[in-house]
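The next block holds one structure in the form of structure tokens; read it before the comments.
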There are 2 protein chains.
Amino acid sequence: MGRRSDHSRVELHALILAAGAALMAETGLSDFSAREVAKRVGYTIGTVHNVFGNVDGLVMAINTATFALWADALEARLAGAEQDRIAVLVDAYFAFARDNPLRWSAIYEHRIAPDAIPEAQGAVRGRLTGIIVREVAAALDRTPDAAVGTLARSLVATVHGHCAFAVSGSWEAMGERDVEGAALARVRESLAAAR
Amino acid sequence: MGRRSDHSRVELHALILAAGAALMAETGLSDFSAREVAKRVGYTIGTVHNVFGNVDGLVMAINTATFALWADALEARLAGAEQDRIAVLVDAYFAFARDNPLRWSAIYEHRIAPDAIPEAQGAVRGRLTGIIVREVAAALDRTPDAAVGTLARSLVATVHGHCAFAVSGSWEAMGERDVEGAALARVRESLAAAR
DNA sequence: ACAGATAATGAACAGTGTTCATTTTAATGA
DNA sequence: TCATTAAAATGAACACTGTTCATTATCTGT
């Protein structure tokens, strides 16, 4: 066959991306298959390669979409939060990872050089960090400058570490129950020290 | 062919493990190949499967060996440390990850249910945590009880999060320079709060 | 109606992990 | 010493993977 008018280029992009994200949620990165995605959308592997270049390109796009969903989830939770927004933030952070363990894990299992991420996708991914920088600044009654940004990113790393252990199950295997509580406690200690 | 006496079962196990670890350091988990390991030790894929069951078994064994190396590195650095052993610990933790980025990353990229890890390997891996619990207890002038253990594991998560961002390069891509310094600062804050 | 551009195809290739009947060898016992 | 037995290494077969690219079908503009 050749040029079909079933879908435009952007429609096709969206179609493959959606099916790819769904597959990622089902199988995780290690069992992800571009061929399976092609099968699901009724196109062939060649088409997937035409649109995304290669599997890494597709996975990158899926992971960027995951970041966007994640940021949406954080903002939705923060929207109705009057007090202790930091606790809400940490909880929403964990909740997303727990609700989407395979898609969340895929972000960090797919190791790729940061400069290989297209600028547009980098901007989408950066939204998550932006939210956190804003909230950390607010919690400290400061304007978001470089120092606040560095602290905020460090707190992201802190929470990420706890979240990674929680999702992998290694923390629970050690008999620990309240990973999220520990993460929040560490964040509070560092915020108190920064005040 | 059949039963060769070139190597005993334990020799063969060690041989494949060593070659596998070397390959992991060269390629990382995503490009790791059991067939390539077999080729390098002069046996066939069948033999690798006989000894390690499957690829996951081999990767698990390699990762356990990585944990052992890592624990050795921490103890070596701590052996000559008189004061500020926490700073030495954090630095040694980062140094190992930086010096062995692909092997270190493979530990966390290879997602497997914790209860799938044989007890013997679990013990080896636990040595790392044991060292940290001991040092955290010492830093707090306490005996290592459950509460200290929980705090120590939380601090491991904190440092892990920073280390993961450092090794992936995502922190540097955000213009941040001193990831390790941030990790140590967070640890100090939490230790101060626990005192 | 035709020509040119474009998009989808799918066969081909080189890999991967896994299985398991077969073969070869070493150890054992008569 | 020699036949038997048990064990280990093999490697072909299978079903998958990602990637490439010449071919072909289709749309679009003239």
Side-chain angles (χ1 to χ4, degrees), chain A residues 1-24 26-63 102 106 109-113 116, chain B residues 1-24 26-63 102 106 109-113 116:
Chain A
M1 300 190 197
R3 180 194 284 190
R4 286 170 15 185
S5 57
D6 295 12
H7 306 98
S8 70
R9 214 81 214 291
V10 293
E11 282 175 337
L12 200 49
H13 186 101
L15 201 68
I16 294 172
L17 187 56
L23 181 63
M24 188 67 81
E26 288 175 34
T27 68
L29 182 61
S30 62
D31 291 327
F32 183 83
S33 158
R35 285 185 122 100
E36 175 64 23
V37 174
K39 199 180 295 176
R40 291 187 179 196
V41 294
Y43 282 81
T44 60
I45 332 104
T47 300
V48 173
H49 274 74
N50 285 346
V51 176
F52 286 92
N54 56 24
V55 165
D56 280 339
L58 174 55
V59 171
M60 252 177 46
I62 292 170
N63 286 346
L102 295 179
E109 287 169 32
H110 187 240
R111 301 209 168 251
I112 209 137
Chain B
M1 302 195 194
R3 180 193 284 191
R4 286 171 14 184
S5 59
D6 295 12
H7 307 97
S8 71
R9 213 85 215 290
V10 292
E11 281 175 336
L12 199 49
H13 186 99
L15 201 67
I16 295 172
L17 187 56
L23 181 63
M24 188 67 81
E26 289 174 32
T27 68
L29 181 60
S30 63
D31 291 328
F32 183 83
S33 158
R35 285 186 123 100
E36 175 63 23
V37 173
K39 198 181 295 176
R40 290 188 179 196
V41 295
Y43 282 81
T44 62
I45 331 103
T47 299
V48 173
H49 274 73
N50 286 347
V51 177
F52 286 93
N54 56 23
V55 166
D56 280 339
L58 175 54
V59 171
M60 253 177 44
I62 292 169
N63 286 347
L102 296 179
E109 287 169 31
H110 187 239
R111 302 209 167 251
I112 209 138

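Residue numbers begin at 1 in each chain, while the letters A, B, ... track the order of the sequences.
Note: CG (A:Asn50) to P (D:dT20) measures 11 Å, nearest angstrom. When the C1' atom of C:dA7 is taken as reference, atom CZ of A:Arg9 falls 7 Å away, rounded to whole Å. Rounded to whole angstrom, the span from the NE2 atom of B:His13 across to the C1' atom of D:dA8 amounts to 17 Å. Straight-line distance from the NZ atom of A:Lys39 to the P atom of C:dG10: 14 Å, rounded to whole Å. In this structure, CG of A:Leu58 is placed 10 Å from P of D:dT19, rounded to the nearest angstrom. D:dA8 atom P lies 15 Å from atom CZ of B:Phe52, rounded to whole Å. One atom, CG of B:Leu12, and another, C1' of D:dA9, lie 9 Å apart when rounded to the nearest Å. Straight-line distance from the CD atom of B:Glu11 to the P atom of D:dA8: 14 Å, rounded to whole Å.
Shortest non-hydrogen contact noted between A:Ala61 and A:Phe52 is CB-CE2, 3.7 Å. The minimum heavy-atom distance linking B:Val41 with B:Ala19 is given by the pair CG1-CB, 3.5 Å.
Contact check, B:Ser33 against C:dT16: a side-chain N or O comes under 4.0 Å of OP1 or OP2. Dashed line: the shortest gap from a side-chain N or O of B:Thr47 to OP1 or OP2 of D:dA8 is not under 4.0 Å.
Of the inter-residue distances, the one linking B:Leu23 atom CG with B:Arg35 atom CZ reads 14.0 Å to the nearest 0.5 angstrom. Atom OH of A:Tyr43 is separated from atom CG of A:Leu12 by 5.0 Å, given to the nearest 0.5 angstrom.
Residue contacts shown for B:Asn54 are limited to sugar-phosphate atoms, with no base heavy atom under 4.0 Å away.
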Protein-nucleotides 12-14 of chain C N/O pairs closer than 3.5 Å?
none

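No side-chain heavy atom of B:Met24 sits under 4.5 Å from any side-chain heavy atom of B:Leu102. Under the 4.5 Å side-chain criterion, counting only non-hydrogen atoms from C-beta, A:Asp56 is in contact with A:His110.
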>> Checking B:Asn50 against B:Arg9 for the side-chain contact (heavy atoms from CB on, under 4.5 Å) test, could you report, in this order, the C-alpha distance in whole Å, the side-chain angles of both residues, the deciding distance, and whether it holds?
In response: CA-CA 10 Å; B:Asn50 286 347; B:Arg9 213 85 215 290; 3.6 Å; yes
> Does the pair B:Asp31 and B:Glu26 meet the rule for a side-chain contact (heavy atoms from CB on, under 4.5 Å), with working shown?
Replying inline: CA-CA 9 Å; B:Asp31 291 328; B:Glu26 289 174 32; over 6 Å; no
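Five base pairs at each end of the helix from C:dA5-D:dT26 to C:dA30-D:dT1 define two local axes, and these are offset by 20° (rounded to 10°).
Closest to the side chain of A:His49, from the set D:dG11, C:dG17, D:dG18, is D:dG18. For B:Tyr43, the listed nucleotide lying nearest its side chain is D:dT10; candidates were C:dA8, D:dT17, D:dT10.
A side-chain contact (heavy atoms from CB on, under 4.5 Å) with B:Val59 is found for exactly one of B:Leu29, B:Asn54, B:Ile112, namely B:Leu29.
If you find the closest nucleotide of DNA chain D to A:Gly46 and to A:Glu36, the one lying nearer the 5' end belongs to A:Glu36.
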